[in-house]
Undergrad: 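Structure provided below as structure tokens; questions to follow.
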Amino acid sequence: MKINKLNKQTCFFNDDTFSASLFEHDYLQANNLITGSSVGRGTTWFFQHQQKKYVLRHYYRGGLIGRINPDNFLYCGLKNTRAYKEFSLLEKMSQLGLPIPLPYAGRITKKALFYQADLIIELIEGAEDLVAVLSRQVISELQWLEIGRVIRLFHDNNIYHSDMNSHNIMLDNSDKVWLIDFDKCEQRKNGGWKHQTLERLLRSFRKEKNINNTLNWQETDWMTLMQGYQSQS
Ligand SMILES: Nc1ncnc2c1ncn2[C@@H]1O[C@H](COP(=O)(O)OP(=O)(O)O)[C@@H](O)[C@H]1O
Ligand SMILES: [Mg+2]
């Protein structure tokens, strides 16, 4: 990994096509590089750079503290920053052959005792999150089995996903299943977290179904997913 320090900013990356200006929304905008956005807690920007597509995300806090202090984190060394940890985990998962977007670059901006963080990852071409897909169409039994199998693959590698919900599962146009959004995730010892992760995901499907009754999800799809999770392959 290469580390580039300039004033209060530290960037880390592997790829020589990287330049620090890619973290500047104004630069991306002025150069017509932005191809889209997605609004959640903050805005996720999609942009292109040298024939490739990327996703730029800023780190935000959740909960009550987040209302007062939306994006400052206590600095305890580069390796302990949210962006560095997510970057490293994505690298590790890519070495394990797990279906995740590749990390491209991270940036830490220091402000006294605090820092702000951003991450650029590769865009998964032609992918949509599962809720978007299900609000339009049903997916086959084979796809539900495959989603279960992919989650199991992460668990067999002891990868804990701290926010395993239906928006963080993506399907691309060749029906490949991807997991995204690895902030605060980690490789950890075997334990009850695997079961809790599945429960959290089930709650997420039920919640989405409550929000949108026409969502193409039903309890039997969950059973198919679990069948995929339990199958030995
Ligand atoms: N690598 C990626 N490729 C394609 N789309 C992505 C990628 N990463 C994120 N997205 C899209 O952006 C949305 C928000 O990204 P996410 O990382 O889940 O952040 P958050 O949930 O904190 O807003 C996702 O639901 C997905 O639609
Ligand atoms: Mg998400």
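Just so you know, ligand 1 is whichever comes first in the structure, and atom 1 is the first atom listed for that ligand. Keep in mind that the numbers below use all heavy atoms, side chains included, and drop hydrogens, waters and symmetry copies. Everything numeric in this text was worked out from a predicted model, so none of it was measured. Residue numbers start at 1 and run along the sequence shown.
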Undergrad: Using ring centroids (six-membered ring only for Trp), state whether Trp193 and His155 fall under 6.0 Å.
TA: yes

Undergrad: Any chance NZ of Lys8 has more than 12 other-residue heavy atoms, nucleotides or ligands included, within less than 6.0 Å?
TA: no

Undergrad: How many protein N, O or S atoms sit closer than 2.8 Å to the Mg ion (ligand 2)?
TA: 2

Undergrad: Would you kindly say whether Ser204 and Ser166 are connected by a side-chain donor-acceptor distance under 3.5 Å?
TA: yes

Undergrad: Output the distance between atom CG (Leu201) and atom CD1 (Ile169), rounded to the nearest 0.5 Å.
TA: 4.5 Å

Undergrad: Can a donor-acceptor pair be found between the side chains of Lys110 and Asn7 at a distance below 3.5 Å?
TA: no

Undergrad: Quick check on Lys209: does its NZ atom have over 12 non-hydrogen neighbours (other residues, nucleotides or ligands) under 6.0 Å away?
TA: yes

Undergrad: Who's touching ligand 1 if we go heavy atoms under 4.0 Å?
TA: Ser38, Thr44, Phe46, Val55, Arg57, Pro101, Ile121, Glu122, Leu123, Ile124, His167, Asn168, Met170, Ile180, Asp181

Undergrad: Quick one: does Gln116's side chain have a donor or acceptor within less than 3.5 Å of a partner on Thr109's backbone?
TA: no

Undergrad: Within a 6.0 Å radius of atom NZ on Lys92, are there more than 12 heavy atoms belonging to other residues, nucleotides or ligands?
TA: no

Undergrad: Classify the angle between the aromatic ring planes of His25 and Trp45 as parallel (below 30°), tilted (30 to 60°) or perpendicular (above 60°).
TA: tilted

